[in-house]
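I have a structure here, written as structure tokens, and I will follow up with some questions on it.
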Amino acid sequence: MTNSISAAETGKPDMIWGILMLICGFLAIAVPLASSIGVAIVIGLLLLISAVWHLLFGFRSGSGIGGFLWQLLLAIVYGAAGLMILLYPLAGLAWLTLVLATFLLIEAALEFVLYFNIRRRVSAGWVLVDAIITLLLGILIWAQWPFSSAWAIGTLVGVSLIFSGISRLMLSSALSRGGTGAARTAV
């Protein structure tokens with residue numbers, strides 16, 4: 001069976017998407033506070049949606065009064081957290097930044113443990129490099145907290161968008177040049 005869509009046709013939308021991701025990444029880095037607040041608002045909305053789902057699940061679960069009360073408690077916690085982030089986005093952003101710094105420090109510790117478990121393997125040094133960079137980033141965010149709230153999340157989201165855009169562009173350009181089937185499925 002042959003595919004009636006050419007490689008150039010399937011690569012073009014992905015290339016446009018990659019360019020948009022690059023633009024958004026540079027914008028997120030250029031205005032990190034605005035993009036950080038945007039991330040906080042999205043997280044607040046997701047928490048509110050989760051609260052509604054927990055409440056609905058509590059009514060529909062049929063697991064008795066104990067199950068309903070547990071779901072109701074979870075709905076209240078999720079809802080309160082979501083409302084707090086939405087009503088006070090800067091405070092929510094500061095809290096999220098502190099959570100991020102803590103996460104990075106824990107991740108760095110786990111990466112160091114992993115490195116010492118696999119240090120004799122080929123390319124294990126990359127795990128050590130990852131651990132060191134993650135540790136430095138966690139320390140940088142933690143040491144500058146709450147002031148790091150103005151740049152940390154937005155900058156990290158921007159960097160992630162830039163690298164995602166670059167990878168999307170590279171994969172779609174390989175596809176439009178008639179790359180291998182593996183390149184086609186990766187895009």
Side-chain angles (χ1 to χ4, degrees), residues 10-54 74 77-115 126-176 183 185-187:
T10 59
K12 188 173 184 176
D14 288 325
M15 193 167 284
I16 292 169
W17 185 245
I19 291 169
L20 288 174
M21 291 176 85
L22 279 171
I23 292 169
C24 289
F26 285 118
L27 285 173
I29 290 173
V31 283
L33 181 59
S35 54
S36 296
I37 290 172
V39 169
I41 289 170
V42 168
I43 290 173
L45 290 171
L46 289 173
L47 287 170
L48 282 180
I49 291 169
S50 296
V52 170
W53 281 111
H54 276 288
L74 286 172
V77 169
Y78 276 80
L83 280 175
M84 291 303 293
I85 290 174
L86 290 174
L87 293 175
Y88 305 102
L90 290 176
L93 180 59
W95 176 79
L96 290 172
T97 304
L98 190 59
V99 168
L100 173 66
T102 304
F103 167 78
L104 290 171
L105 293 172
I106 292 170
E107 180 187 0
L110 294 173
E111 292 285 341
F112 278 116
V113 170
L114 175 62
Y115 167 73
W126 287 107
V127 175
L128 180 61
V129 169
D130 181 25
I132 292 169
I133 291 171
T134 304
L135 177 65
L136 291 175
L137 187 57
I139 289 171
L140 177 69
I141 293 171
W142 187 275
Q144 292 185 0
W145 189 83
F147 304 108
S148 60
S149 302
W151 61 265
I153 292 176
T155 302
L156 292 174
V157 167
V159 169
S160 177
L161 282 169
I162 288 170
F163 279 101
S164 294
I166 290 170
S167 67
R168 175 74 60 177
L169 282 173
M170 294 300 112
L171 289 171
S172 62
S173 67
L175 180 61
S176 60
T185 59
V187 175

Query raised in the report: Within the distance-only criterion (no hydrogens, no angle test), does the side chain of Thr134 pair as donor or acceptor with the backbone N or O of Ala108 below 3.5 angstrom?
Result: no
Query raised in the report: Heavy atoms, side chains only, cut-off 4.5 Å: are Phe112 and Val127 in contact?
Result: no
Requested in this report: Any chance you could measure Ile106, atom CD1, to Leu135, atom CG, to the nearest 0.5 Å?
Outcome: 12.5 Å
Query - Leu86 side chain near Ile41 side chain, heavy-atom distance below 4.5 Å - result: yes
Report summary line: For Tyr78, the ring pair (Phe, Tyr, Trp, His ring centres under 6.0 Å) test, sequence neighbours excluded, returns His54
Query - Short side-chain to backbone donor-acceptor contact, Ser160 and Leu156, under 3.5 Å - result: no
Query raised in the report: Atom CG in Leu161, atom CZ in Arg168: separation rounded to 0.5 Å?
Result: 12.0 Å
Query raised in the report: Distance from Ser149 atom OG to Leu93 atom CG, nearest 0.5 Å?
Result: 5.0 Å
**Report entry** Heavy-atom side-chain contact between Trp95 and Met84 under 4.5 Å
**Finding:** no
**Report entry** CG-OH distance between Leu83 and Tyr88, expressed to the nearest 0.5 angstrom
**Finding:** 10.5 Å
Report task. Taking all non-hydrogen atoms of both residues into account, name the closest pair between Ile85 and Gly92 and its distance. Result -> CG1-CA, 4.1 Å
Side-chain donor-acceptor contacts of residues 15-35 below 3.5 Å, not counting sequence neighbours, with atom names and distances?
residue	atom	partner	partner atom	Å
Ser35	OG	Ala28	O	3.1
Ser35	OG	Val31	O	3.3
Ser35	OG	Pro32	O	3.1

Query raised in the report: How long is the span from the CG atom in Leu98 to the OG1 atom in Thr102, to the nearest 0.5 Å?
Result: 4.5 Å
**Report entry** Minimum heavy-atom distance between Gly138 and Ala101, given as atom pair plus value
**Finding:** O-CB, 4.0 Å
Requested in this report: Find the distance between CD1 (Ile139) and CG (Leu105) and round it off to the nearest 0.5 Å.
Outcome: 6.5 Å
Query raised in the report: Do Leu136 and Ile132 touch side chain to side chain, with heavy atoms closer than 4.5 Å?
Result: yes
Query raised in the report: Closest heavy-atom contact between Gly154 and Ser36?
Result: N-OG, 2.6 Å
